[in-house]
Chemist: 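Mind having a look at this structure? Questions to follow.
All chains are named by letter (A, B, ...) in the order of the sequence lines, taking the proteins before the strands, and each is independently numbered beginning at 1.
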Amino acid sequence: MKSEPDEVSIDDALAAPGKIVPWVGVRNYQARNFMRDAMRVGDGVLFYHSSCAEPGIAGLAEVASTAYPDPTQFDSGSKYYDPKSTPDNPRWMLVDVRATHKTRLLSLPELRSLPDLAEMQILKRGNRLSITPVSAFEWRCIIQHIQ
DNA sequence: GCCAACGTTGGC
DNA sequence: GCCAACGTTGGC
């Protein structure tokens, strides 16, 4: 799951109450569907810093709730406000994410250098999704290299 | 700041 | 339903 560290960094997440952050602001249907349909409480999460000086995996986390409506879509003062969404028929969902560890930065160039990760979705050309699945094989590879 | 790549919008 | 125009993402 990508987060801009200027918005929510791994340090911010670890400092939050219960180390939990609600993953607000996702406004892409595919990314929403991953949270709504594919994620289960306890699933592992790679906390990825994007749009920053050193993009890469900065920590580990886990899914901490099932999906529920993103409250920011109803808040006209929020930059994530969506006037086309209503509480009766919410368009955007999110899950809570609980940070578990800060890791050394596994930088984007380092990720790209690992042959086992060649098929990883986040590394595919043109990928812009802020949430992408990670295979068990890729997860093990990353956990090994992060040590 | 640039720009490739992709998603969304809206006229037809 | 097509597709041009526009907006966004995100690495560099």
Chemist: Would you classify A/Q30 as touching base, sugar-phosphate or nothing, given that sugar-phosphate means primed atoms plus P, OP1 and OP2, and contacts are heavy atoms under 4.0 Å?
Modeler: sugar-phosphate
Chemist: Let me know the distance between CZ of A/R91 and P of B/dT8, rounded to the nearest Å.
Modeler: 10 Å
Chemist: Any salt bridge between A/R27 and A/D82, counting N to O under 4.0 Å?
Modeler: no
Chemist: Give a yes or no on whether A/E54 atom CD has more than 12 heavy-atom contacts from other residues, nucleotides or ligands under 6.0 Å away.
Modeler: no
Chemist: Would you kindly give the CG-to-C1' distance between A/D82 and B/dT8, to the nearest whole Å?
Modeler: 12 Å
Chemist: Over how many whole Å does the gap from A/E7 atom CD to C/dG10 atom P extend?
Modeler: 12 Å
Chemist: Figure out the CG/P separation between A/L129 and C/dG11, and round it to whole Å.
Modeler: 13 Å
Chemist: In whole Å, I'd like the distance from the CD atom of A/Q121 to the P atom of C/dT9.
Modeler: 18 Å
Chemist: Whole angstrom is fine here: how far is it from CG in A/L108 over to C1' in C/dG11?
Modeler: 7 Å
Chemist: Could you tell me how far apart A/N127 (CG) and B/dG7 (C1') are, to the nearest whole angstrom?
Modeler: 13 Å
Chemist: Identify which nucleotide among B/dG7, C/dG10, B/dA5 has an atom closest to any side-chain atom of A/S50, counting heavy atoms from C-beta outward.
Modeler: C/dG10
Chemist: Measuring from atom CE of A/M39 to atom CG of A/L94, what distance do you get when rounded to the nearest 0.5 angstrom?
Modeler: 10.5 Å
Chemist: Reckon A/K2 has a side-chain N or O less than 4.0 Å from the OP1 or OP2 of C/dT9?
Modeler: no
Chemist: Any side-chain N or O of A/Y48 less than 4.0 Å from the OP1 or OP2 oxygen of C/dG11?
Modeler: yes
Chemist: May I ask you to decide if the ring planes of A/W23 and A/F47 are parallel, tilted or perpendicular, using 30° and 60° as cut-offs?
Modeler: perpendicular
Chemist: Please confirm whether the shortest side-chain N or O distance from A/R128 to OP1 or OP2 of B/dG7 is below 4.0 Å.
Modeler: no
Chemist: How long is the line joining CZ of A/R27 and P of C/dT8, in whole Å?
Modeler: 14 Å
